[in-house]
Structure formats: C-alpha cells, structure tokens
Asks: 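Following this message is one structure expressed as structure tokens.
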Amino acid sequence: MTQARRHHDPAVKGFASDNYAGVHPEVLEALALANGGHQVAYGEDAYTAHLQEVFRRHFGERAEAWPVFNGTGANVVGLRAMTAPWEAVVCAETAHVNTDEGGAPERTAGLKLLTVPTPDGKLTPALIDRQAWGFGDEHRAQPRVVSISQSTELGTLYTPEEIAAVAVHCHDLGMLLHLDGARLTNAAAALDVPLRALTTDAGVDVLSFGGTKAGLMFGEVVVVLDPAAVRGLVYLRKTAMQLASKMRFVSVQFEALLAGDLWLRNARNANAMAARLAAAVREVPGVTVTREVRANAVFAVLPRDVADRLRKRFRFYTWDESTGEVRWMTAFDTTEADVDAFAAALAEEMAQR
C-alpha cells in the first residue's frame with residue numbers, strides 16, 4: 001500500500017496556465033501499459049521506435065522524433081542543432097524563447113537572439129528583414145534561423161499561408177525556420193487543419209512539439225522535418241541533459257496523444273472553454289477583453305484591486321504590469337462549470353468594488 005497521500009483539492013482549478021492541469025486519464029493508462037519488465041534505456045526501447053511511425057503519420061515520411069524532458073530543452077536542443085556558434089536566431093520580441101526561458105538559449109546554447117517588435121506576436125517577411133541582414137559581416141552574429149511560435153504568446157495564430165510565406169522568405173535568404181509548437185495542437189484545432197498543414201506542408205524545418213500543455217505528465221519532442229537542417233542532434237540532446245534514460249515513459253505518452261484523436265479532443269475543449277470564458281467576462285461591467293480569442297488564451301484588463309482579490313480564489317498571472325492586462329488560460333480539463341464559477345466570482349468582486 002502506498003504511503004503517499006493527497007495534498008491538494010482536485011476540485012480546485014485555476015486559469016494561470018495549461019501547465020497547471022493534471023494528466024489526462026488516457027495518458028495515465030498508457031504509462032501503466034508501458035510499465036513492467038525491462039526495456040532498453042536511452043531511447044532504444046520499443047515505444048520510442050514505434051513513436052517514429054506515429055509522428056510520420058502526422059508530419060510526413062521524413063520526420064524524425066527526438067523526445068526530451070521539457071519545452072525549454074526542446075527549443076534549446078533544436079536551435080543548437082540548427083546553428084553554428086557564430087550564428088543567431090531571429091524571433092519576435094514577445095517570443096517564449098526570448099521572454100520565458102530564463103536565458104537558456106543564451107546561457108546553455110550560446111545563441112544570439114535578434115528580436116523584433118511585433119504588434120501581435122507574429123513575424124512577417126518584412127519584420128524578419130529588420131534583423132536578417134549583415135550576412136558575411138564578421139562583426140555581426142550571422143542570422144541563420146527564424147523562430148516563430150504557434151500559437152503565439154499573445155494568443156494569435158499563423159495561418160498555413162502565413163507560415164509558408166515566412167518559410168519561403170527564410171529559405172530565399174539561406175535561413176531556416178523553427179517553430180515553437182508548445183500549443184500547436186490548440187492552433188490546429190482552432191484553424192481546423194491537420195498538424196502537418198502548419199508545419200511540414202508550410203515549409204517548417206524543425207519543430208518543438210508540446211505535450212505537457214496538451215495533457216501529458218511530462219515530455220516534449222524535437223521534430224526534425226528536414227534532416228539537412230540539423231547536425232549533431234544525437235549528441236546535443238545528451239549534452240543539454242535532455243536524454244531520458246527511461247524514455248519509453250515519454251514516448252508512450254505521445255503515442256496516447258497522437259495515435260488517435262486525443263490531441264484534438266483536448267485542444268478543442270481548451271479552445272471552447274476560452275471562448276466561453278471570454279463571452280462570460282465581456283458581460284461583466286468594468287472588464288475589457290483586450291485581444292481576439294483564437295485558441296486557449298484570454299487577455300483582459302480589470303481594476304488591479306479586483307484582480308488581486310480574485311487571484312486569492314483562482315490563480316492567474318498579470319501579463320503587463322504597466323497596463324494591468326491579465327492572461328487567463330484554459331486547459332484540456334477545464335469545464336463549463338469551472339468557467340462559470342470564475343466568471344461569477346469576477347462579477348462578485350467587481351460588484352463589491
């Protein structure tokens with residue numbers, strides 16, 4: 001009998017991050033299925049071997065899946081494999097690799113990030129050109145990779161056509177395209193397109209594919225879509241401390257997510273709950289939804305004192321301290337009742353004010 005005991009109330013939900021959610025029951029079942037007996041360590045197991053087939057169904061026959069522990073690791077390993085020490089990565093100023101990786105791309109990978117201000121978190125060919133220059137100049141870090149996020153940190157989405165335009169521009173410049181897909185499943189569900197429409201078919205070279213936000217316990221995957229775009233990835237994963245010894249437990253989770261439609265069901269629910277949340281809070285006087293809701297993020301401005309009191313009942317973060325803008329995230333396990341309870345609490349706090 002286990003000596004562990006529950007230390008939280010499973011009925012309590014928050015709106016701070018989709019990382020706050022637990023593990024989908026089907027993923028837990030898959031983990032139990034992979035347990036028992038011995039499997040070769042460090043990725044030479046039957047589950048990781050089968051995972052290649054699973055990813056190729058979604059991303060094409062050339063796709064190579066490299067499981068890692070987390071999203072920071074996926075971005076660092078992928079970008080390192082795409083660059084030489086003297087090369088740089090162009091990204092939006094708001095990109096996760098720039099704002100929320102704790103400096104890991106710079107400290108761990110030694111990468112120079114060339115950032116571009118954007119109105120909506122999205123890069124365009126014209127915006128890329130603000131930093132994609134100085135080729136051959138020994139005094140400037142050489143632009144080599146453009147990294148985009150889907151969905152973006154501001155909740156916006158790239159259409160397949162927009163990604164394709166960015167990819168063509170990158171390749172014309174002799175550069176590569178990396179996609180940070182921590183919430184790629186949410187974007188594909190929102191746009192009602194297959195995963196490869198936003199990646200392989202659009203010309204993306206390397207992808208960081210998110211699992212934790214989609215209902216997994218842990219794990220992300222570096223997906224190489226063009227083998228010529230990377231080098232040394234097998235060594236870089238190890239030196240970045242992202243090589244799991246018991247990799248079968250990472251791989252089987254992604255099989256549970258992608259072999260059927262679990263990824264789509266989870267994403268559709270999170271997106272639908274964000275739309276419901278936005279509709280509900282728009283009805284509360286004094287609250288302004290500040291950005292179009294496309295996936296599973298809702299941005300809003302409300303009085304700071306109300307936000308502080310409401311945060312004691314439901315966790316969420318302030319996005320912009322200067323304006324008081326907050327961000328509310330929904331997850332695969334967010335329910336209509338969760339959303340309605342949050343909206344009611346918001347209305348109560350606003351009424352007390």
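Count residues from 1 along the sequence.
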Asks: Surrounding CG of D192 (heavy atoms of other residues, nucleotides or ligands, distance under 6.0 Å), is the total greater than 12?
Replies: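 Counting neighbours around CG of D192, 12 or fewer heavy atoms of other residues, nucleotides or ligands fall under 6.0 Å, so no.
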
Asks: Evaluate ring pair (Phe, Tyr, Trp, His ring centres under 6.0 Å) for F342 paired with W328, printing each intermediate quantity in order.
Replies: CA-CA 10 Å; F342 179 81; W328 298 317; 5.1 Å; yes

Asks: Side-chain contact, heavy-atom cut-off 4.5 Å: Q242 with L236?
Replies: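 No, every pair of side-chain atoms sits at 4.5 Å or beyond.
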
Asks: Do L176 and C170 come close enough that some side-chain heavy atom pair is under 4.5 Å?
Replies: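 They are not in contact (no side-chain heavy atoms under 4.5 Å apart), so the answer is no.
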
Asks: Would you say that L225 contacts V206 through its side chain, given a criterion of any heavy-atom pair below 4.5 Å between the two side chains?
Replies: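 Of all side-chain heavy-atom pairs linking V206 with L225, none is under 4.5 Å.
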
Asks: Does F135 have more than 12 heavy atoms from other residues, nucleotides or ligands lying within 6.0 Å of its CZ?
Replies: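 Result for CZ/F135: enclosed.
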
Asks: Enter the distance from Q131:CD to L113:CG here, rounded to the nearest 0.5 Å.
Replies: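 If I round to the nearest 0.5 Å, the distance is 10.5 Å.
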
Asks: Just wondering, more than 12 heavy atoms not from K13 lying within 6.0 Å of its NZ?
Replies: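 Correct, the count exceeds 12.
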
Asks: Judged by atom type as modelled, is there a donor-acceptor pair below 3.5 Å linking the side chain of T334 to the main-chain atoms of A331?
Replies: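 Looks like yes, one N/O pair under 3.5 Å.
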
Asks: For residues 275-288, which residue pairs qualify under side chain to side chain donor-acceptor pair (under 3.5 Å), counting only residues two or more places apart or in two chains?
Replies: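 Listed once each, the pairs are R276-D340.
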
Asks: How about V326 and W319: do any of their side-chain heavy atoms sit closer than 4.5 Å?
Replies: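 In short, these two side chains do not touch, never coming nearer than 4.5 Å.
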
Asks: With sequence neighbours left out, which residue pairs that include part of residues 164-182 fulfil the side chain to side chain donor-acceptor pair (under 3.5 Å) condition?
Replies: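 As it turns out, the side chain to side chain donor-acceptor pair (under 3.5 Å) pairs with a partner in residues 164-182, which skip direct neighbours, are N75-D180, D129-H169, S147-H178, H171-D205, H178-S208.
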
Asks: Only counting residues at least two apart or in another chain, list the ones meeting side chain to side chain donor-acceptor pair (under 3.5 Å) with R107.
Replies: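 Residues passing side chain to side chain donor-acceptor pair (under 3.5 Å) with R107: none at all.
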
Asks: Out of curiosity, T239 OG1 to R80 CZ, how far, rounded to the nearest 0.5 Å?
Replies: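 Going from OG1 on T239 over to CZ on R80, the span is 4.5 Å.
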
Asks: Are E93 and T118 close enough that some pair of their side-chain heavy atoms sits under 4.5 Å apart?
Replies: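 No. Closest side-chain heavy atoms not under 4.5 Å.
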
Asks: If we check side-chain contact (heavy atoms from CB on, under 4.5 Å) with L207, which of these qualifies: T199, L177, V221?
Replies: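 By the side-chain contact (heavy atoms from CB on, under 4.5 Å) criterion, L207 pairs with just one of T199, L177, V221: T199.
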
Asks: Could you see if L79 belongs to whatever hydrophobic cluster contains L184? Use Ile, Leu, Val, Met, Phe, Trp, Tyr and a side-chain cutoff under 4.5 Å.
Replies: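 Different hydrophobic clusters.
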
Asks: Would you say K213 and R183 make side-chain contact, with heavy atoms under 4.5 Å?
Replies: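 Side-chain contact under 4.5 Å: yes.
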
Asks: Can you sort out the partners of E325 under side chain to side chain donor-acceptor pair (under 3.5 Å), two or more places apart, ordered by chain and number?
Replies: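 Checked E325 against side chain to side chain donor-acceptor pair (under 3.5 Å); matches are T290, R291.
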
Asks: When clusters are formed by joining ILVMFWY residues with side-chain heavy atoms under 4.5 Å apart, either directly or through shared neighbours, do L198 and L257 land in the same one?
Replies: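 Both belong to a single hydrophobic cluster.
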
Asks: Can you check whether L154 reaches K122 side chain to side chain, under 4.5 Å on heavy atoms?
Replies: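 A side-chain contact is absent here, since even the closest heavy-atom pair is not under 4.5 Å.
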
Asks: Let me confirm one number: the CG-CG distance from L51 to L258, rounded to the nearest 0.5 Å.
Replies: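 Spacing of CG (L51) from CG (L258) equals 7.5 Å.
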
Asks: More than 12 heavy atoms of other residues, nucleotides or ligands under 6.0 Å from CD of E44: is that the case?
Replies: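 It does not: E44 CD has 12 such atoms or fewer within range.
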
Asks: Indicate yes or no: does D45 engage K246 in a salt bridge with an N to O separation below 4.0 Å.
Replies: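 Salt bridge absent between D45 and K246.
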
Asks: Mind checking whether F218 and L262 sit in one hydrophobic cluster, side chains of I, L, V, M, F, W, Y counted as touching below 4.5 Å?
Replies: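 Linked, F218 and L262 end up in one cluster.
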
Asks: Measure from NZ or CZ of R140 to the centre of the six-membered ring of W133, then state whether that distance is under 6.0 Å and the direction lies within 45° of the axis.
Replies: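 Yes, R140 and W133 form such a contact.
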
Asks: T318: which residues meet the side chain to side chain donor-acceptor pair (under 3.5 Å) condition with it, sequence neighbours left out?
Replies: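 Testing T318 for side chain to side chain donor-acceptor pair (under 3.5 Å), a comparison that skips the adjacent residues, returns R311.
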
Asks: Let me check something: do V27 and F69 share a hydrophobic cluster, defined by ILVMFWY side-chain heavy atoms less than 4.5 Å apart, either directly or through other members?
Replies: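 Hydrophobic grouping puts V27 apart from F69.
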
Asks: Tell me whether Y42 at atom OH has more than 12 heavy atoms from other residues, nucleotides or ligands lying less than 6.0 Å away.
Replies: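 No, not enclosed.
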
Asks: Are F249 and V54 connected in a single hydrophobic cluster, I mean Ile/Leu/Val/Met/Phe/Trp/Tyr linked by side-chain heavy atoms less than 4.5 Å apart?
Replies: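 As far as the 4.5 Å side-chain criterion goes, F249 and V54 are connected within one cluster.
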
Asks: For H38, is the NE2 atom crowded, meaning more than 12 foreign heavy atoms sit under 6.0 Å from it?
Replies: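 It does not: H38 NE2 has 12 such atoms or fewer within range.
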
Asks: To the closest 0.5 Å, what do you measure between CZ (R268) and OG1 (T185)?
Replies: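 Separation between the atoms: 11.5 Å.
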
Asks: Checking side-chain polar atoms at under 3.5 Å, does D320 have a donor or acceptor matched by the opposite partner on S322?
Replies: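 S322 and D320 do have a side-chain donor-acceptor pair below 3.5 Å.
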
Asks: Taking 4.0 angstrom as the limit, do R313 and E348 come out as a salt bridge?
Replies: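 Salt bridge between R313 and E348, a charged N being under 4.0 Å from a carboxylate O: yes.
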
Asks: May I have the step-by-step check of side chain to side chain contact (heavy atoms under 4.5 Å, CB included) for D120 and T152, ending in yes or no?
Replies: CA-CA 8 Å; D120 56 3; T152 74; over 6 Å; no

Asks: State whether a side-chain donor-acceptor pair under 3.5 Å links E101 with T72.
Replies: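 Their side chains do contain a donor-acceptor pair, which is all the 3.5 Å distance test asks for.
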
Asks: Less than 4.5 Å apart, side chain to side chain, heavy atoms only: is that true for V23 and L216?
Replies: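 Heavy-atom side-chain distance check fails, nothing below 4.5 Å.
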
Asks: So, are D308 and R304 salt-bridged, with charged N and O less than 4.0 Å apart?
Replies: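 No salt bridge links D308 with R304.
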
Asks: Are F15 and F316 an aromatic pair, judged by ring center distance below 6.0 Å?
Replies: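 No, ring centres 6.0 Å or more apart.
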
Asks: Less than 4.0 angstrom from a charged side-chain N to a carboxylate O is my criterion; do R56 and E64 meet it?
Replies: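 So R56 does not pair with E64 through a salt bridge.
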
Asks: Hey, could you give me the CG/OG1 distance between L111 and T83, rounded to the nearest 0.5 Å?
Replies: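 Separation between the atoms: 4.5 Å.
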
Asks: Taking the six-membered ring for Trp, are F55 and F209 ring centroids under 6.0 Å apart?
Replies: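 They qualify: ring centres under 6.0 Å apart.
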
Asks: Taking only residues two or more places apart in sequence or in another chain, which ones pass side chain to side chain donor-acceptor pair (under 3.5 Å) with Y20?
Replies: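 For Y20 the side chain to side chain donor-acceptor pair (under 3.5 Å) partners, ignoring immediate neighbours, are R315, Y317.
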
Asks: What distance do F332 atom CZ and N271 atom CG have between them, rounded to the nearest 0.5 Å?
Replies: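 It is 14.0 Å, given to the nearest 0.5 Å.
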
